[in-house]
Amino acid sequence: MKQDAHASESHSSDTGEIRRQALYLALAAIPLGKVTSYGELADIAGLGRAARWVGRELSRLPDGSKLPWHRVVSASGRPSLAAGTLSGTEQRARLRAEGVTFRNDRLDMRLHGWRPGDRSG
DNA sequence: GGTGCGGCTGCAG
DNA sequence: GCTGCAGCCGCAC
């Protein structure tokens with residue numbers, strides 16, 4: 001059966017909110033010292049291929065957020081943020097602080113890459 | 001309700 | 001390994 005529209009007063013953007021929370025949950029699930037890609041994170045959150053949307057949401061996160069946004073990098077293992085930017089520098093600093101080693105502005109996804117069910121964490 | 005855009009991704013050169 | 005191009009999904013005009 002289908003629920004009537006006026007039954008859910010927050011129908012205007014509840015789906016978007018749920019997706020956002022799913023994203024936050026998936027992001028919070030990334031263990032320390034591990035990283036994941038935008039596409040992977042989107043898949044984990046059940047968003048499919050909405051990798052770009054993930055990146056956009058991460059950029060909208062407040063500075064005081066407890067979420068490990070710095071653990072999200074591109075699939076190639078390179079931070080999407082430019083090294084010259086403030087956020088880019090902070091991302092690299094946080095990752096290195098967690099034990100992630102960089103090599104030529106890139107990290108080893110085979111070593112630091114995380115996926116749901118990974119026993120490394 | 002259609003169009004454009006995005007912190008991406010995968011493939012080809 | 002880097003650059004260029006097309007595909008994808010969801011959000012903001």
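Numbers restart at 1 for each chain; the letters A, B, ... are given by sequence-line order, proteins then strands. Not measured: the values here are computed from a predicted model.
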> Tell me, do A/Phe102 and A/Arg92 make a side-chain contact under 4.5 Å, heavy atoms counted?
Replying inline: yes

> What is the nucleic acid contact for A/Arg78, judged by heavy atoms within less than 4.0 Å: base, sugar-phosphate only, or nothing?
Replying inline: nothing

>> Nearest whole Å is fine: how far is C/dC11 C1' from A/Leu23 CG?
In response: 14 Å

> Between A/Arg52 (CZ) and C/dC8 (C1'), how many Å, whole number?
Replying inline: 9 Å

> Is a donor on one side and an acceptor on the other found under 3.5 Å between the side chain of A/Asn104 and the backbone of A/Arg106?
Replying inline: no

> For the pair made of CG in A/Asp105 and P in C/dC2, what is the distance, rounded to whole Å?
Replying inline: 10 Å

>> Walk me through whether A/Glu98 and A/Arg94 qualify under salt bridge (Lys or Arg N to Asp or Glu O under 4.0 Å).
In response: CA-CA 6 Å; A/Glu98 294 183 355; A/Arg94 290 196 183 196; over 6 Å; no

> Taking for each residue the nucleotide of DNA chain C bearing the nearest heavy atom, is the 5' side occupied by A/Ala50 or by A/Arg103?
Replying inline: A/Arg103

> Tell me: CD of A/Glu57 to C1' of C/dA12, nearest whole Å?
Replying inline: 12 Å

> Does A/Thr36 use its side chain to pair, donor to acceptor, with the backbone of A/Glu40 at less than 3.5 Å?
Replying inline: no

> Pairing of DNA chain C as dot-bracket, 5' to 3': ( ) intra-strand, [ ] crossing, | other strand, . unpaired, with Watson-Crick or G-U pairs under 3.5 Å?
Replying inline: .||||||.|||||

> Rounding to a whole Å, what distance do you find between A/Leu41:CG and C/dG10:C1'?
Replying inline: 15 Å

> Atom CZ of A/Arg56 and atom P of B/dG4: how far apart are they, to the nearest Å?
Replying inline: 15 Å

> With distance as the sole test, does A/Thr89 use its side chain to make a donor-acceptor pair with the main-chain N or O of A/Thr85 at under 3.5 Å?
Replying inline: yes

> Is A/Trp53 linked to A/Tyr24 within one hydrophobic cluster, defined over Ile, Leu, Val, Met, Phe, Trp and Tyr using a side-chain heavy-atom separation of less than 4.5 Å?
Replying inline: yes

> Hey, does the side chain of A/Gln91 reach the backbone of A/Val72 with a donor-acceptor pair shorter than 3.5 angstrom?
Replying inline: yes

Protein and nucleotides 9-13 of chain B: nitrogen or oxygen contacts under 3.5 angstrom:
{"unit_1": "B/dT9", "atom_1": "OP1", "unit_2": "A/Gly39", "atom_2": "N", "d": "3.4"}
{"unit_1": "B/dT9", "atom_1": "OP1", "unit_2": "A/Ala75", "atom_2": "N", "d": "3.3"}
{"unit_1": "B/dT9", "atom_1": "OP2", "unit_2": "A/Ala75", "atom_2": "N", "d": "2.8"}

> Are A/Arg60 and C/dG10 close enough that a side-chain N or O sits under 4.0 Å from OP1 or OP2?
Replying inline: no

> Would a distance-only check, ignoring hydrogens and angles, find a side-chain to backbone donor-acceptor pair under 3.5 Å from A/Lys34 to A/Arg115?
Replying inline: no

> What integer distance in Å separates A/Gln91:CD from B/dG7:C1'?
Replying inline: 9 Å

> To the nearest angstrom, how far is A/Arg19 atom CZ from C/dA12 atom C1'?
Replying inline: 15 Å

> Checking A/Arg71 side chain against A/Ile30 main chain: does a donor-acceptor pair fall under 3.5 Å?
Replying inline: yes

